[in-house]
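Below, all heavy atoms of this structure are taken into account, side chains as well, without hydrogens, waters or symmetry copies.
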Amino acid sequence: MPASPPIRPRGRKRANGEGSIYQRADGLWVAAITGTDGRRQRFYARTRTEVGRRLTEALQRRDLGETSRAGRDTVATYLTGWLDALAGTVKPATVEKYRRDVRLHVLPYIGRLALSRLTPQRLQHLYGELAEAGLSAMSIKHVHAAVHKALEQAMRWGKVPRNVADLVDPPQAARPEMRTLTLEQVRVLLRAALGDPLEALYVLAVTTGMRRGELLALRWADVDIPGQALAVTGTLQRVKDRGLVRVEPKTARSRRRILLTPTAIAALRRHQGAQAAERLKAADWWKDQGLVFCSALGTPLEAGNVLRRSFHPLLTRAGLPSIRFHDLRHTAATVMLGRGVHPKIASEMLGHATVGITLDTYSHVTETMQRTAMEQIEAALGEG
């Protein structure tokens with residue numbers, strides 16, 4: 001059966017040089033224009049209004065003498081330009097992560113492919129190749145996220161008619177095993193940490209559920225000891241060519257105020273006194289950045305050093321199982337929910353974007369909460 005001809009919209013016929021707009025049989029709107037280099041350039045959109053806007057912008061660029069490159073981009077040239085344009089719009093660490101994923105896992109496989117020839121099948125094949133090369137499902141999922149974001153922008157720029165990543169399923173990444181400490185193990189940990197240079201770090205981790213990057217970025221200006229609270233205003237990340245950098249929190253909800261326990265306040269007071277002594281000892285070499293947790297010179301702490309030199313040895317001394325630092329955050333959340341803290345309050349303390357994330361992440365605790373609720377209902381009914 002022959003293909004249906006494109007459906008052309010009614011209205012004034014465009015003059016030569018104004019470009020053309022028409023609708024394809026599949027409903028997609030197309031605008032076409034001849035660039036200053038004589039090449040035909042096409043833009044795609046789901047609505048006539050959107051494709052008309054892109055055509056107007058293209059006409060303006062052409063009138064300014066810009067040369068059309070539509071259809072000539074390879075995946076490599078497009079992604080390189082996209083990454084350059086991305087700088088300044090997202091966190092530096094995010095740009096570096098996208099660059100690394102693109103350089104290592106995309107360009108060696110499909111970099112020479114014309115962007116216009118990238119299909120869902122080729123993208124799915126790429127993920128299969130990466131899996132065969134030994135890349136984990138989680139890493140492939142991160143590659144997919146970068147490609148999807150890049151192609152979404154390519155569609156908005158009129159370089160491709162659709163985001164083929166929408167039609168591809170990355171492998172399902174298994175959720176990392178969550179290992180939490182019991183209340184008794186938390187007590188053992190804190191007793192072992194007493195007097196440790198980073199005692200306050202561990203106390204805050206298990207009483208507030210703050211992320212490691214948030215703890216290492218904490219400043220004294222964010223701590224209100226009289227008010228027994230602190231504000232989460234940043235996170236520490238490593239950025240290529242810049243080293244450790246304090247950046248904005250993960251999400252808008254990550255910027256939050258957290259009330260502190262008396263145990264945490266006492267640990268912070270001891271830590272503040274110890275740091276003042278370190279500052280005097282370092283004298284002229286101290287580089288004051290106002291950090292609560294810092295090196296002997298006042299500079300940010302390397303997360304890897306904290307794990308190797310302090311956290312893992314602490315677990316060994318305490319006779320506790322080997323866990324990730326992030327599991328202290330899970331421990332705090334589990335303790336809160338298990339002791340009856342409302343999920344909305346726990347979600348706000350943890351800095352989750354929604355309470356749904358909290359309930360989904362800690363579903364093993366919510367089952368216990370439901371059982372407790374049923375026992376309370378049964379007890380209330382029996383009171384009559």
Side-chain angles (χ1 to χ4, degrees), residues 73-87 89-157 159-180 211-213 235 237-240 250-251 303-304 307-308 312 321-327 329-330 352-354 356-357 360-364:
D73 277 327
T74 63
V75 171
T77 55
Y78 170 69
L79 289 178
T80 300
W82 170 71
L83 286 166
D84 290 341
L86 199 62
T89 64
V90 297
K91 293 179 183 178
T94 302
V95 177
E96 290 305 320
K97 188 177 186 314
Y98 286 157
R99 283 191 192 279
R100 185 172 62 252
D101 285 339
V102 166
R103 176 173 54 84
L104 296 178
H105 308 308
V106 179
L107 300 190
Y109 296 87
I110 59 174
R112 295 183 180 181
L113 184 69
L115 182 64
S116 60
R117 292 183 178 275
L118 181 60
T119 63
Q121 293 85 350
R122 184 63 190 91
L123 201 53
Q124 193 76 65
H125 184 62
L126 166 65
Y127 298 159
E129 290 178 294
L130 293 176
E132 287 180 8
L135 204 63
S136 70
M138 180 61 76
S139 295
I140 296 174
K141 194 170 183 179
H142 290 160
V143 172
H144 174 73
V147 171
H148 186 279
K149 187 175 181 66
L151 293 179
E152 194 67 25
Q153 186 62 61
M155 195 171 70
R156 287 196 291 267
W157 284 343
K159 290 181 175 291
V160 293
R162 61 179 179 172
N163 186 343
V164 297
D166 281 334
L167 308 175
V168 179
D169 295 320
Q172 291 298 312
R175 179 176 291 178
E177 182 184 358
M178 184 190 303
R179 302 187 66 183
T180 59
R211 301 176 178 92
R212 184 180 65 191
T235 187
Q237 291 183 353
R238 175 164 291 285
V239 178
K240 186 178 179 181
K250 187 176 179 181
T251 65
L307 298 179
R308 287 189 301 272
H312 293 312
S322 178
I323 60 173
R324 303 169 305 165
F325 191 95
H326 195 72
D327 288 326
R329 173 174 165 85
H330 292 319
H352 284 158
T354 66
I357 293 175
D360 179 56
T361 305
Y362 303 104
S363 55
H364 63 290

For this session: Report yes or no: does Thr361 contribute a side-chain atom to a donor-acceptor pair with the main-chain N or O of Ile357 at less than 3.5 Å?
Result: yes
Exercise. Counting distance only, does the side-chain N/O of Tyr78 pair as donor-acceptor with the main-chain N or O of Ala154 below 3.5 Å?
Worked result: yes
Problem set entry | Expected output: side-chain Arg179 to main-chain Ser322 donor-acceptor under 3.5 Å | yes
For this session: Show the numbers, then the answer: is there a side-chain contact (heavy atoms from CB on, under 4.5 Å) between Val106 and Asp101?
Result: CA-CA 7 Å; Val106 179; Asp101 285 339; 5.8 Å; no
Exercise. Given the rule in the side-chain contact (heavy atoms from CB on, under 4.5 Å) test, do Leu135 and His105 qualify, once you have shown the distances and angles that lead to the verdict?
Worked result: CA-CA 9 Å; Leu135 204 63; His105 308 308; 3.6 Å; yes
Problem set entry | By salt bridge (Lys or Arg N to Asp or Glu O under 4.0 Å) - contacts of Asp84 (at least two apart) | Arg99
For this session: State, to 0.1 Å, how close Ile110 and Val75 come at their nearest heavy-atom pair, and which atoms those are.
Result: O-CB, 3.3 Å
Exercise. Which heavy atom of Tyr127 sits nearest a heavy atom of Pro170, and at what distance?
Worked result: CD1-CA, 4.1 Å
Exercise. Under 6.0 Å from the CZ atom of Arg117, do we count more than 12 heavy atoms belonging to anything else shown?
Worked result: no
Exercise. Shortest non-hydrogen contact from Pro120 to Leu167?
Worked result: CG-CD1, 3.7 Å
For this session: Kindly indicate, with the supporting measurements, whether the criterion side-chain contact (heavy atoms from CB on, under 4.5 Å) is fulfilled by Leu118 and Leu151.
Result: CA-CA 10 Å; Leu118 181 60; Leu151 293 179; 4.0 Å; yes
Exercise. Distance from Ser136 atom OG to Lys141 atom NZ, nearest 0.5 Å?
Worked result: 11.5 Å
Problem set entry | Arg324 side, atom CZ; Leu307 side, atom CG - distance, nearest 0.5 Å | 11.5 Å
Exercise. For Tyr98 and Leu86, which heavy atoms make the closest approach, and how far apart are they?
Worked result: CD1-CD2, 3.4 Å
Exercise. Counting N and O atoms only, with roles assigned by atom type, does the side chain of Asn163 sit under 3.5 Å from a partner on the main chain of His148, one being a donor and the other an acceptor?
Worked result: yes
Problem set entry | Minimum heavy-atom distance between Arg308 and His312, given as atom pair plus value | N-CD2, 4.3 Å
Problem set entry | Distance (rounded to the nearest 0.5 Å) between Lys149 NZ and His144 NE2 | 13.0 Å
Exercise. What distance do Gln124 atom CD and Leu126 atom CG have between them, rounded to the nearest 0.5 Å?
Worked result: 9.5 Å
Exercise. Pro171 and Ile140: which non-hydrogen atoms are nearest, and at how many Å?
Worked result: CD-CG2, 3.5 Å
Exercise. How many angstroms lie between CD in Glu129 and OH in Tyr109, if you round to the nearest 0.5 Å?
Worked result: 6.5 Å
For this session: Please round to the nearest 0.5 Å and tell me the distance separating atom CZ of Arg112 and atom OG1 of Thr77.
Result: 13.0 Å
Exercise. Between Tyr362 and His352, what is the ring plane arrangement, given parallel below 30°, perpendicular above 60°, and tilted in between?
Worked result: parallel
Exercise. So does Glu96 pair up with Arg103, basic N to acidic O under 4.0 Å?
Worked result: no
Problem set entry | Side-chain heavy atoms of Lys159 within contact of Leu115, under 4.5 Å | yes
